[in-house]
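Below is one structure. I have some questions about it.
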There are 2 protein chains.
Amino acid sequence: MTVHDRLPGAPSCGDCPIRHRAVCARCESDELAALDAFKYYRSFEAGQTLIWSGDRMDFVASVVSGVATLSQVMEDGRTQTVGLLFPSDFVGRPGRDTAPYNVVASSDLLMCCFRKRPFEELMGRTPHIAQRLLEMTLDELDAAREWMLLLGRKTAREKIASLLAIIARRDASLFLRTVSDRFVMELPLTREAMADYLGLTLETVSRQMTALKRDGVIQLEGNRRVTIPDFNRLLDEAGDDSDGGVI
Amino acid sequence: MTVHDRLPGAPSCGDCPIRHRAVCARCESDELAALDAFKYYRSFEAGQTLIWSGDRMDFVASVVSGVATLSQVMEDGRTQTVGLLFPSDFVGRPGRDTAPYNVVASSDLLMCCFRKRPFEELMGRTPHIAQRLLEMTLDELDAAREWMLLLGRKTAREKIASLLAIIARRDASLFLRTVSDRFVMELPLTREAMADYLGLTLETVSRQMTALKRDGVIQLEGNRRVTIPDFNRLLDEAGDDSDGGVI
DNA sequence: GGGGCTCTTTGATCTGGGTCAATGTTCTTG
DNA sequence: CAAGAACATTGACCCAGATCAAAGAGCCCC
């Protein structure tokens, strides 16, 4: 009972243009073949909330295509996005059964899901999967803490530049290339979604995008297509310890 | 070769007034007995930097007493604290060898350290330790993301109230009691350290502390001793979904 | 292809928290 | 106990980013 039995035409692990960081990178291993029985695909439209904070979650999943956000909402509606999920990113936490955040499809989205129980059992049997998961969780923790620096100490302009740099890098890695001169990408977020991630208002995001455009740091065609003529220039604007832009 | 051979009078795992969340909670198990050979204690003075970001780290550790901070610093000196370490908290990441943050003793500090290599080997042999570590890392991730909401969306007053609530809870758990009416605690942070954690300046921290005192949310004796006459009132001020204050 | 969406930009104004500067208050240590 | 040093408060002023408001752009979908 592989994915092809469930959803004809959907990409299988092996077919994925992007190898799932969590699972598919080891598709060749015998242990994971067993997981195919518990694997299924789900697709969502842009704007749809896949999971509400507090919901029971009986699966883990990784993103096949599209982008999703993790967000926290205060009682009065103030919203903070706490994570972006790109293709190959993993969501779900073995050993816990309620979701701590809202998960929202930011664009049309395809997820590759595994029933949680069998996944946990596999984890118990195969130490390297548990280890891989720890590895990934540590990566997420580092990303979250880097974002804390951004939220607490960076200016609006630096925030925008940082976000663009991060998206550019993820975008480039999808196609296995480096962020080079004249890099063109498609923004997977509305101005409001950017604002929610950066701890700003959408007006400030818009103004700073305009300013970066005016100063030649980026070029814009329409609202979503962004060209980065010089990635190092962008990194300077982001205030990061520059690391060259290569992935 | 137990700890007592190395540092006479230092608390052993079993003697710790606080059981280390990471390790000591399972001291009874046979696997961990082996770790005693690789265990040693180190103490630091308030203000001392234990670990510099980028340093090679050949040990993992947990806090026995005192408080430490994890912080990130930008090239121009802007600083953001990304985590607080209380007694029983764990630091260090099996599978990685350089520290991603500065670790600074915020008060006088005693750490219980394990050489990393043997610890990793133990982890490979005993799945429940790996699982425990994943558990802890997920807790840290949740804490980091909750802090992202604070940094991105809360007002200065809400930030201060949130920090006080968190410290009160950790403080209470040290002594195995609940945060009740007229809870008294000792702040383990200077105004500047609070500011670095909250994404504020020390002046703003001071002003908001004064305001909370004026409004009867807290009482202050000296700079460090804080009394919380009504913990639910404090939680209201923090803007959190109140959960009663019990641990 | 035009009507009604949603998303985005831009402007005018306001304000929370930053900055700079002076003064107070604890802690240390001799 | 006095003298310093480190830490904290308070005041005056300013500015980055929020808020409120009004036009533009895309973009579906009949």
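Order of the sequence lines fixes the chain letters, A, B, ..., with proteins taken first and strands second; residue numbering starts at 1 for each chain.
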Would you say the side-chain atoms of A/D55 pair up with the backbone N or O of A/M57, donor to acceptor, closer than 3.5 Å?
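No; judged by distance alone, with no hydrogens or angles, the pair does not exist.
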Please produce a list of atom pairs where a protein N or O lies less than 3.5 Å from an N or O of nucleotides 17-21 of chain D.
unit_1 : atom_1 : unit_2 : atom_2 : d
D/dG17 : OP1    : A/A156 : N      : 2.8
D/dA18 : OP2    : A/T201 : N      : 3.4
D/dA18 : OP2    : A/T201 : OG1    : 3.1
D/dA18 : OP2    : A/T204 : OG1    : 2.4
D/dT19 : O4     : A/R207 : NH2    : 2.8
D/dC20 : N4     : A/E203 : OE2    : 3.2

Whole angstrom is fine here: how far is it from CZ in B/R78 over to P in C/dG18?
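Value for this atom pair: 13 Å.
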For B/E45, is there any backbone N or O sitting under 3.5 Å from a side-chain donor or acceptor partner on B/Q48?
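Such a contact is found between B/Q48 side chain and B/E45 backbone.
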Examine distances only and state if a side-chain atom of A/N102 and a backbone atom of A/S53 form a donor-acceptor pair shorter than 3.5 Å.
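Checking the backbone N and O of A/S53 against the side chain of A/N102, a donor-acceptor pair under 3.5 Å is found.
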Checking B/T190 side chain against B/A193 main chain: does a donor-acceptor pair fall under 3.5 Å?
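Present.
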Bend angle of the helix from C/dG1-D/dC30 to C/dG30-D/dC1 from five-pair axes at both ends, rounded to 10°?
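It works out to 50° between the end axes.
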Let me know the distance between CG of A/L151 and P of C/dG17, rounded to the nearest Å.
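Roughly 15 Å, once rounded to whole Å.
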Could you tell me how far apart A/K159 (NZ) and D/dA16 (P) are, to the nearest whole angstrom?
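Atom-to-atom, A/K159 to D/dA16, this comes out as 14 Å.
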Rounded to the Å, how far apart are B/N223 CG and D/dC7 P?
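About 11 Å, once rounded to whole Å.
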Whole-Å gap separating C1' (C/dC7) and CG (A/L187)
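So the two atoms are 13 Å apart, to the nearest Å.
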Do A/T98 side-chain atoms and A/G54 backbone N/O form a donor-acceptor pair below 3.5 Å?
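Absent.
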How many Å lie between CG on B/L220 and C1' on D/dC7, as a whole number?
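Checked: the CG to C1' distance equals 14 Å.
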Taking B/K213 for its side chain and B/L220 for its backbone only, find out whether a donor-acceptor pair lies under 3.5 Å.
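It does not hold such a pair.
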Rounding to a whole Å, what distance do you find between B/R214:CZ and D/dT10:P?
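Result: 10 Å.
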How would you label the contact of B/T190 with the nucleic acid (heavy atoms, under 4.0 Å): base, sugar-phosphate, or nothing?
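Sugar-phosphate contact only.
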For residues 182-210 of chain A, which residue pairs qualify under salt bridge (Lys or Arg N to Asp or Glu O under 4.0 Å), counting only residues two or more places apart or in two chains?
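Pairs touching residues 182-210 of chain A that pass the test: A/E186-A/R225, A/D196-B/R153.
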Thinking salt bridges, do A/K159 and A/E237 make one under a 4.0 Å N-O criterion?
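Looking at A/E237 together with A/K159, the answer is no, because their closest N to O distance does not fall below 4.0 Å.
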Distance in angstrom units between A/M194 CE and C/dT8 C1', rounded:
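The answer, rounded to whole Å, is 12 Å.
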Under 3.5 Å: donor-acceptor pair, side chain of B/W147, backbone of B/Y197:
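Side chain of B/W147 to backbone of B/Y197: a pair is present.
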